[in-house]
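Worksheet: the structure to be examined is printed underneath.
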Amino acid sequence: MDKLIIEGNGPLRGQIQISGSKNAALPILLATILVDGEVCLSNVPQLRDIDTTIRLLGLLGCRAERDAGDVRIHSCDLKPEAPYDLVRTMRASVLCLGPLLARLGQAKVSLPGGCAIGARPVDLHLRGLEQMGAVFELEQGDIVGHCDRLRGAHIHLDFPTVGGTEHLIMAACLAEGETILENAAREPEIQDLAEFLNACGARISGHGSSVIRIQGVSALHACTYRVMPDRIEAGTYLIAAGITKGRLELLDCPVDALDAVIFKLREMGMHIESRQNMVCASADGPLRCVDISTRPYPGFPTDMQAQIMALMACSQGAGVVTEGIFENRFMHVQELCRLGANITLSGQTALVRGVNTLKGATVMASDLRASACLVLAGLAATGRTDVRRIYHLDRGYEHMEVKLAAVGARIHREQE
Ligand code: UD1
């Protein structure tokens, strides 16, 4: 297993190219199951979750070829079964269920297991698909579904689930008649998925708002599409500039999708300016803690909660962080405390009292964004920090240590 070794050494300076978005690329890759013809995607990040998805598509009968950030996929010989071994490693793979039902009228997909950041059920996905005419049974941990042609439905989501919204948009594209999704999630990655599907001939409108309408069509056709840049990767590097009191320019940064994060970082005292798709972030003096509540988009993203907590941990004053999406997403807190942070947990809130300096130590990454939080804290800490179990990081950040080393960080990877 690999670990990262970081020696905090002051300000980072330079340019970082932001990669394609993992959370947009995953549903778009799975949506290619719906398409009759070859899809050519560009700006697909090279990450473990993407490799897993391409492997899954191969097992489902899609022909996939990859050349760096370009992926070509043709769903020519579809099979209805997604094996447990792949689905259990990545929750998003459950999104193949709806597209398989839409194309084949049957599907067998393992129920995704529990995951480190909470129970994360898929009941809202299944309920929506049932409203569209699918029938499900649970057989030995597999969801087995079948249907005649899916039919459009009026669906009200109890919670604006990101994966659930994506799943139902995909299924509705090939359904008979109109589907209306109310209380839909509004995340930019959902807009990217809808724009990809529209480029293939789907008729989706209202994406980006909480009411999405999909007019079913009989088939989707080939297209080429560029995946949007990763707002969470970009947000993480904005914080790298702040936590090292450096100055970073982020290229191809999806600035509009980062409004809530940039607003909070400015409130903390960072300078952030944007020009077209380039964002320049810097900090020259001490930063101040603020209060943060994670919420569905356009609120502050839960996927940035751990990273901003690292920044607050070594800022002035105190702030309250409230996690409003997942019930168990504070596992980074104990590890930050091992680095000298002063954080008290009470239910879904964390009280962060800033300290003057964090001190290097060995810490353990528990999930993807917690890993990024610990790397950021390591950049600011005095002495050496070893971040163990970084396989989580490889699921979601493309070449993180290479990008950070190129702007002056002392960071390298070692095998344990
Ligand atoms: C996606 C993102 C993840 C991000 C999350 C919230 C991807 C691949 N992952 O995850 O990085 O942290 O959005 O922004 O895009 N829920 C239910 N029933 C359901 C579905 C969800 O109760 O059927 C609950 C979950 O348990 C969780 C909350 O809703 O508490 C949010 O989940 P959801 O929005 O679905 O997140 P994901 O799509 O899994």
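For ligands, and for the atoms within them, numbers begin at 1 and follow the listed sequence. What's counted below: heavy atoms across the whole structure, side chains too, no hydrogens, waters or symmetry copies.
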Presence of salt bridge, Asp77 and Arg63, under 4.0 angstrom: no
Per-residue contact class, Thr161 against ligand 1 - non-hydrogen pairs under 4.0 Å: both
Ile325, any N or O under 3.5 Å of ligand 1 N or O: yes
Glu267 with Lys264: basic N within carboxylate O range, under 4.0 Å: yes
Electrostatic pair Arg127-Asp158, nearest N-O below 4.0 angstrom: yes
Leu124 N/O to ligand 1 N/O under 3.5 Å: yes
Trace of the side chain to side chain donor-acceptor pair (under 3.5 Å) decision for Glu273 with His271: CA-CA 7 Å; Glu273 286 155 39; His271 308 293; over 6 Å; no
Proximal ligand 1 atoms for Arg91, defined as those under 4.0 Å from one of its heavy atoms: 20 (C), 21 (C), 35 (O), 39 (O)
Nitrogen or oxygen atoms of Thr302 and ligand 1 under 3.5 Å apart: no
No-hydrogen, no-angle side-chain donor-acceptor test under 3.5 Å, Gln305 and Glu323: yes
Distance filter under 4.0 Å to Phe159 heavy atoms, resulting ligand 1 atoms: 28 (C), 29 (O), 31 (C)
Residue portion contacting ligand 1 (non-hydrogen atoms closer than 4.0 Å) for Asp303: side chain
Pair His154, Gln131: side-chain N/O donor-acceptor within cut-off below 3.5 Å: no
Per-atom contacts, ligand 1 versus Val122 - under 4.0 Å to a heavy atom: 19 (C), 23 (O)
Close approach, Glu323 and ligand 1, non-hydrogen under 4.0 angstrom: no
Polar contact flag for Ala92 and ligand 1 (N/O pairs, less than 3.5 Å): no
Which segment of Glu189 sits under 4.0 Å of ligand 1 when only heavy atoms are counted: neither
Donor on one side chain, acceptor on other, Thr322 and Gln348, under 3.5 Å: no
For Gly163, atoms of ligand 1 separated by under 4.0 Å from a heavy atom: 35 (O), 38 (O)
His125 near ligand 1 by a heavy-atom separation under 4.0 Å: yes
Main-chain N/O of Ala175 paired with Arg149 side-chain donor or acceptor, under 3.5 Å: yes
Within-cut-off N or O pair, Lys22 and ligand 1, under 3.5 Å: no
Tyr297-Arg231 side chain donor-acceptor pair, cut-off 3.5 Å: no
Residue portion contacting ligand 1 (non-hydrogen atoms closer than 4.0 Å) for Arg329: side chain
Minimum heavy-atom distance Gly141-Leu138, with the two atoms named: C-CD1, 4.1 Å
Polar atom proximity, Asp123 to ligand 1 (N or O, under 3.5 Å): yes
